[in-house]
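Quick notes on the structure that follows.
Just so you know, these numbers come straight off a predicted model, no measurement behind them.
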Amino acid sequence: MTTVVPNPCAQCTHDSKEADAQADAILCAQPDHADQPAAAHARLMASHEEYSRLRALALLRLDQARTHERTTNKLCPSYKPRQKVLTQQRMGEGVKLRLMTVKHGLQTLLRTDIPENDQAAILHAIGHVVHYNRCLVIHAMAFVRFYLTAILESGVHVPRALFSPAFFIGVFQLLAGDEWTNTKIFEGAQRDTLFYIFAQFRQSFPHIIMGKIPSSSGRPASRFSNITDYTAIELAASIKNHVVEDFAGFYISYLQGEMMRQHEELKPGHARAYAIYAYDRAANDEKFDAELPTPRLPQERKEALQATAESLATASEARWRQVHANIMEEKRRIAAATRIRQAQAQEMQRATLAERERRIRATTGQAEGPPVDEAILDQSDTGTMPGDVDASSEPASDVADTASVPGDMDATTTSRVSVTTASLTRHPHHFLKVMYEILQTMESWGDADEIQPAEPQESVTFPWVFRQLADNVTEWTRLNRRKRTRLTHLVSDLINKGDAIDPQRLPYNLSVASRFAIHHLGQDTIDRIHQGQFTPDTIIARSRVRLFTIAPVPALRFKFIHISHNALIQILRHFNLATYAIGPEAAPPDGEMHPVLEIFNWKKLRRPAGSAFENAFVTDAYSVGMLFKKAVPADRPPKLTLEDFDATDLDTCRFWGIDPGVTEVYVAVDGSSESHGIYNTLPPAMPCQLAHIRPVPGTEAWRPFDYYAAPISSCSVRCAEDPVRLPVRTPARPRSLSAPPRKSHPMALRLHNRHEIRRVSSAEFDRMTGRHITNRRINAMKQTPIGDQTVTNIESTISTAKTARIDRMTRHVRELLAALPRLLPFYGPHHQALRFLNYQGKQKATANMVNVLINGGNKYPRRDDDTISMRRSTDKPMR
């Protein structure tokens, strides 16, 4: 089966037109053959043969052009391999490759023999393209959010082409002031809807059209399509990942809100547990079994919560069946449209061939022309368009129907369907509509929850106190979520009980002014409640649910762009730097570096051994990442399991258990032991210490930290069995068995020389990376006034994009575009410099963290006696 592409290959189409032109020239040059002698008639027949050959060649090249779009396709007679194909050929066919990036500063990587003015010009050219790409992405995603909200609010289905790079390439064309060229990815009605919404968008925001980058060398303005095409691929992947990766989380948040609205006394944690159970039950995914939560609640309440969760799961299953029905309807519609297009193409080609035969017979005087090449006709009759579905080759539904027959719509009304990662990936446009529906419902909850009290209130609610504290406590933004919640619960309970709030008993990390502000807030509220005058302006009956955006919102900072050797040549020529735009446009056939990339000093980069350069790099105008491909080793050692080891391996191997903690990146524990347990017994090699440790009353077990239970005097006996001879320190006073130890004792850490605990906390990792320093700088710069406002104030004026209403989305886009001229300079090169410092710090911190796990690093240095000094979690973080 031959696939017909919407944009035929330009090279093959050009060759077909050339052959047609040559055939027409031969036809026009032939005189009337009626009174010609035999020799002239022979020449005429030879010309006819050449004419027929050129016509057949033109028809063949035209048919070949419909099978591919570019010369990089192997179906093209003028095939030109891409860079990745050349790399694969160099590394070996069938070898699995992985991409590697070597980063460096852009300015310091340029060759030093390039004049300073040219270096500045090269940096300015690349920075100009990066800035244009950033603005293009921000404007494009603003239009996509506006477009999705408009069509979904109107009840129009989301086109599946939204998740293809061709859609974003078309949006870039509209924003640059060009026409949308690829019109075959949409149906007629969908294309008209898109153009109509863009016309409204452009009318509402006249400055949305960005134009193109002007050239300083007299060349036409350009939007650098070979660079923005890579950006379109990234945006298409990001909006698809927004649906595939986040759909489950969004839907669980919706179910959690439903649980809390039907059971107002339910805590958020319990509500989320039941929401996860309801989603897993409705999704019917084999990888995730639905587990019923078992909270510590009365049995009656648990039964009521379970009934509510099951009813929500049943409603969700009905929604999945509707999605399944929509997918089946779409498949039938596409299949019918495909058959119509195939019939039209077949009829058109038959008419074309008949017309050519008629012209040949009229020219040569033959009664019958050469037979029609049915093979070519049959080859094109079976073509399909991109996006068409062949019902015989694809499953009936990717929302897997576990009991229905493909195409049997009646079976889906009683059977269960599945929502898996595969179904989300294949049909994201259908699930995006579901996301909009639940977002619309969740947003309506927030609008309905803001009510005006009809009469004075007798108590305060948690959301109202939360907002009051946010307005009155200066240190509110520096408190974490847990501290905010605890403080809000404390103030709410004291006010509802009528107890005064003592400023001295409030958290110590609050200032004196904040403590007295809380005291006056509580006292004033209590007085108003007792007097029957507590009527706040707005009372929120329930906590707001967390909303989400219908499409991703890109950051305002510079983004990495992909620059190939061709794109670099275009940039240099565009900005009057043609002196450095050397080398051919095609990639070197031997896979070596292109000459145009010699503007960089490659001696400063450490090229990975055994790698092939891709003749491309990514950059954000401050740093640059060179792209290499390296072969994945085929002879990797197999992964070992516990069955591969026995007791004799303990002499040469140490078994560690590693797992992330609550506040740690990881906690690694050495589980190896020779003959004695680690926690319940003591090694018999320390009789002097053993004599001073008392067993736990009522048991025969020894606990290492219970040596504080009795006074311990310094031991005067030196044991020959103890090679370390640790001194035993005497505590200041005896402690009871129930009292916790003050500090770890050296002896307690040496109960077993082979048992170690190595950990790296999140605070240590952040300190090693230096992010706290760069984040402090960024926050300080955000407080610097820009005109009459700071960056923080400007960003706070932009309304949220988490809305399903077109009027609110229009307001968001208007405020965003109005703030961009003041925000984009802030997120400029100096901001990228701090990000690059964070990247470098993260690389160093990761290497240090690996060293801590493997050999202890600097945190757990080894001693001469091959023992480890164990540090507690209370020690200082690593520097």
Item to check | Arg771 and Phe765: CA distance, side-chain angles, deciding distance, side chain to side chain contact (heavy atoms under 4.5 Å, CB included) verdict | outcome: CA-CA 9 Å; Arg771 287 186 297 192; Phe765 185 80; 3.8 Å; yes
Item to check | N/O donor-acceptor pair under 3.5 Å between Asp766 side chain and His772 backbone | outcome: no
Checklist entry - Is a donor on one side and an acceptor on the other found under 3.5 Å between the side chain of Ser423 and the backbone of Val419? => result no
Checklist entry - Is there a side-chain contact between Pro268 and Met260, using heavy atoms and a 4.5 Å cut-off? => result yes
Checklist entry - What closest approach, in Å, do Ala551 and Val144 show between heavy atoms, and which atom pair accounts for it? => result CB-CG1, 4.4 Å
Checklist entry - Just checking, is any N or O donor in the side chain of His430 or Arg160 under 3.5 Å from an acceptor N or O on the other one? => result no
Next on the checklist: Counting only heavy atoms not in Lys842 (residues, nucleotides, ligands), do more than 12 fall under 6.0 Å from its NZ?
Outcome noted: no
Checklist entry - Quick one: which of Phe250, Phe247, Tyr436, Phe163 gives a ring-ring contact (aromatic ring centres under 6.0 Å, His included) with Phe431? => result Phe247
Checklist entry - Where the side chain of Ser154 meets the backbone of Ile151, is there a donor-acceptor pair that is under 3.5 Å apart? => result no
Checklist entry - side chain to side chain contact (heavy atoms under 4.5 Å, CB included) between Trp656 and Glu756: does it pass, once the steps are laid out? => result CA-CA 9 Å; Trp656 290 72; Glu756 305 173 27; 3.6 Å; yes
Next on the checklist: Between Arg261 and Glu258, does any side-chain N to carboxylate O distance fall below 4.0 Å?
Outcome noted: no
Item to check | Heavy atoms from other residues, nucleotides or ligands near CZ of Arg301 exceed 12 (cutoff 6.0 Å) | outcome: yes
Checklist entry - Checking Trp476 side chain against Asp471 main chain: does a donor-acceptor pair fall under 3.5 Å? => result no
Next on the checklist: Would you say that Arg759 contacts Tyr666 through its side chain, given a criterion of any heavy-atom pair below 4.5 Å between the two side chains?
Outcome noted: no
Item to check | Any Thr846 side-chain heavy atom under 4.5 Å of Thr769 side chain | outcome: no
Checklist entry - Atom CG of Leu305 and atom CG of Leu266: how far apart are they, to the nearest 0.5 Å? => result 5.5 Å
Item to check | Note, Ile658 side chain near Leu853 side chain (heavy atom, < 4.5 Å) | outcome: yes
Checklist entry - Where the side chain of Lys433 meets the backbone of His157, is there a donor-acceptor pair that is under 3.5 Å apart? => result no
Item to check | side chain to side chain contact (heavy atoms under 4.5 Å, CB included) between Arg272 and Ile252, intermediate numbers included | outcome: CA-CA 7 Å; Arg272 184 166 184 82; Ile252 289 174; 3.6 Å; yes
Checklist entry - Within a strict 4.5 Å, meaning less than it, do heavy atoms of the Arg805 and Met809 side chains meet? => result no
Next on the checklist: Run the salt bridge (Lys or Arg N to Asp or Glu O under 4.0 Å) test on Glu764 and Lys859 for me, step by step, so that the C-alpha distance in whole Å, both residues' side-chain angles and the decisive distance to 0.1 Å come before the verdict.
Outcome noted: CA-CA 11 Å; Glu764 287 178 296; Lys859 185 177 182 181; 3.0 Å; yes
Checklist entry - Taking side chain as C-beta onward, heavy atoms only, is Thr803 less than 4.5 Å from Leu547? => result no
Checklist entry - Should the ring pair His489 and Phe462 be called parallel, tilted or perpendicular, given that the plane angle runs from 0 to 90° and is split at 30 and 60? => result tilted
Checklist outcome for this item: Heavy atoms of Glu475 and Asn509 approach each other most closely as CG-O, 4.0 Å
Item to check | Residue pair Tyr251 / Arg319, side-chain donor-acceptor N/O under 3.5 Å | outcome: yes
Next on the checklist: Just verifying a value: how many Å separate Leu479 CG and Arg486 CZ, rounded to the nearest 0.5 Å?
Outcome noted: 11.5 Å
Checklist outcome for this item: Taken to the nearest 0.5 Å, the spacing of Glu310 CD from Thr314 OG1 works out to 7.0 Å
Next on the checklist: Quick check on Glu291: does its CD atom have over 12 non-hydrogen neighbours (other residues, nucleotides or ligands) under 6.0 Å away?
Outcome noted: no
Checklist entry - Is there a donor-acceptor contact under 3.5 Å from the side chain of Asp285 to the main chain of Phe288? => result no
Checklist entry - Between Ser164 and Ala236, what is the shortest heavy-atom contact and its length? => result C-CB, 3.8 Å
Next on the checklist: Working to the nearest 0.5 angstrom, can you tell me the gap between Ser418 OG and Glu317 CD?
Outcome noted: 9.5 Å
Item to check | Minimal non-hydrogen separation, Ala309 against Ala278, with atom names | outcome: O-CB, 3.5 Å
Item to check | Residue pair Ile798 / His812, side-chain heavy-atom distance below 4.5 Å | outcome: yes
Checklist entry - Just by distance, do the side chain of Arg758 and the backbone of Ile854 share a donor-acceptor pair under 3.5 Å? => result yes
Checklist entry - Any side-chain heavy-atom pair from Arg145 and Val553 closer than 4.5 angstrom? => result yes
Next on the checklist: Does Val243 form a side chain to side chain contact (heavy atoms under 4.5 Å, CB included) with Met435? I'd like the steps, not just the answer.
Outcome noted: CA-CA 8 Å; Val243 178; Met435 288 172 52; 4.1 Å; yes
Item to check | Considering all heavy atoms, the nearest Pro295-Lys302 contact | outcome: O-CD, 3.4 Å
Next on the checklist: Less than 3.5 Å apart, any donor N or O on the side chain of Asn326 or Glu330 sitting next to an acceptor on the other?
Outcome noted: no
Checklist entry - Between Val417 and Asn284, what is the shortest heavy-atom contact and its length? => result O-CB, 3.6 Å
Checklist outcome for this item: Separation between CZ (Phe548) and CD (Glu443), nearest 0.5 Å, reads 10.0 Å
Item to check | Asn848 side-chain N/O to Lys844 backbone N/O, donor-acceptor pair under 3.5 Å | outcome: no
Checklist entry - Which value, rounded to the nearest 0.5 Å, describes the distance between Leu469 atom CG and Thr488 atom OG1? => result 5.0 Å
Checklist entry - Just checking, any donor-acceptor pair under 3.5 angstrom between side chains of His263 and Thr308? => result yes
